[in-house]
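Remarks on the structure that follows.
We're numbering straight along the sequence, starting at 1. All values reported here derive from a predicted model rather than from experimental measurement.
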Amino acid sequence: MTDPQRVNIGKQHPAAYKTLIALSTQVEEATAAADLDPLLVELLKIRTSQINGCAFCLRMHTRDALKKGESPDRIAVLPAWAETGYFSEIDRAALRLTEAITRVPDGHVSDEDFNAAAAVLTADQISAIAWLATVMNAFNRVAITSRYPVGS
């Protein structure tokens, strides 16, 4: 539900929002250059948005993932990814790192989480995933603060 008192911070400061979009474009290019699967990239966006409770970004990136061919089953079990056989070693390392970055207030990115990622991912992949998590956390905060409408 839209709150008429809420300020859409992207519209209030459009130059800042455009800069965030430009950063997002750079990060998308970095994920491609790091040879990260585009479906995994969408799952990382979804997982970040699940943790942050961002309905707007969840809807958008779930639709994007489905359009790109992601399995509804993998999307459905994403909050419990560690308990399933749906995800590869690379997927698991990327999800673990993304969760650690998103949950920085819960204990920062531990050496254990970072080392688990480094055992499977290249330095370029780690960096691209970290930037992706950073950008998604920023977008989630913009949408949540501005109360972007979802549904009726």
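Smallest separation of non-hydrogen atoms from Ala130 and Ile101: CA-CD1, 3.5 Å. Taking all atoms of both residues into account, the shortest heavy-atom contact from Ile126 to Ala118 is CD1-CA, 3.6 Å. Nearest heavy atoms, Asp113 versus Ala100: OD2-CB, 3.5 Å. Annotation for Ala65 and Glu42: closest pair CB-CB, 3.8 Å, computed over non-hydrogen atoms.
Interatomic distance, Glu28 CD to Leu23 CG, rounded to the nearest 0.5 Å: 10.5 Å. Here Leu121 contributes atom CG and Leu97 contributes atom CG; the two are 7.0 Å apart, rounded to the nearest 0.5 Å. Of the inter-residue distances, the one linking Ser71 atom OG with Tyr86 atom OH reads 6.0 Å to the nearest 0.5 angstrom. A distance of 9.0 Å separates CG of Leu40 from CD of Glu70, quoted to the nearest 0.5 Å. Atoms CG and CD1, on Asp35 and Ile90 in that order, are 8.5 Å from each other to the nearest 0.5 Å. Rounded to the nearest 0.5 angstrom, Met136 CE and Ile46 CD1 are separated by 9.0 Å.
Hydrophobic clustering (side-chain heavy atoms under 4.5 Å, transitive across Ile, Leu, Val, Met, Phe, Trp, Tyr) keeps Ile144 apart from Leu20. Neither Leu39 nor Leu43 shares a network with the other; the hydrophobic side chains, linked directly or stepwise wherever heavy atoms of I, L, V, M, F, W or Y lie under 4.5 Å apart, form separate groups for each.
Side-chain contact check for Thr98 versus Leu132: every heavy-atom pair is 4.5 Å or farther apart. Trp81 is listed as a side-chain neighbour of Glu99, based on a closest heavy-atom distance under 4.5 Å. Side-chain contact between Leu78 and Leu95: present, with at least one pair of heavy atoms (C-beta onward) separated by less than 4.5 Å.
In this structure, a donor-acceptor pair under 3.5 Å is present between the side chains of Asp91 and Ser88.
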Check the pair Tyr17, Ile9 against side-chain contact (heavy atoms from CB on, under 4.5 Å), reporting the backbone distance first and the verdict last. CA-CA 8 Å; Tyr17 191 71; Ile9 65 173; over 6 Å; no
Can Arg96 and Glu112 be said to form a salt bridge (Lys or Arg N to Asp or Glu O under 4.0 Å), step by step? CA-CA 10 Å; Arg96 182 175 179 174; Glu112 181 182 348; 3.2 Å; yes
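Within a 6.0 Å sphere centred on NZ of Lys18, heavy atoms belonging to other residues, nucleotides or ligands number 12 at most. In Phe87, the CZ atom is crowded: over 12 heavy atoms of neighbouring residues, nucleotides or ligands sit closer than 6.0 Å.
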Considering only distance and modelled atom types, tabulate donor-acceptor pairs under 3.5 Å from the side chains of residues 49-58, sequence neighbours left out.
| residue | atom | partner | partner atom | Å |
| --- | --- | --- | --- | --- |
| Ser49 | OG | Lys45 | O | 2.9 |
| Ser49 | OG | Asn140 | ND2 | 3.0 |
| Gln50 | OE1 | Arg47 | NH1 | 3.0 |
| Asn52 | ND2 | Thr48 | O | 3.3 |
| Asn52 | ND2 | Asn137 | OD1 | 2.9 |
| Asn52 | ND2 | Asn140 | OD1 | 2.8 |

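Side-chain atoms of Thr19 come within 3.5 Å of backbone atoms of Ala15 as a donor-acceptor pair (strictly under, hydrogens ignored).
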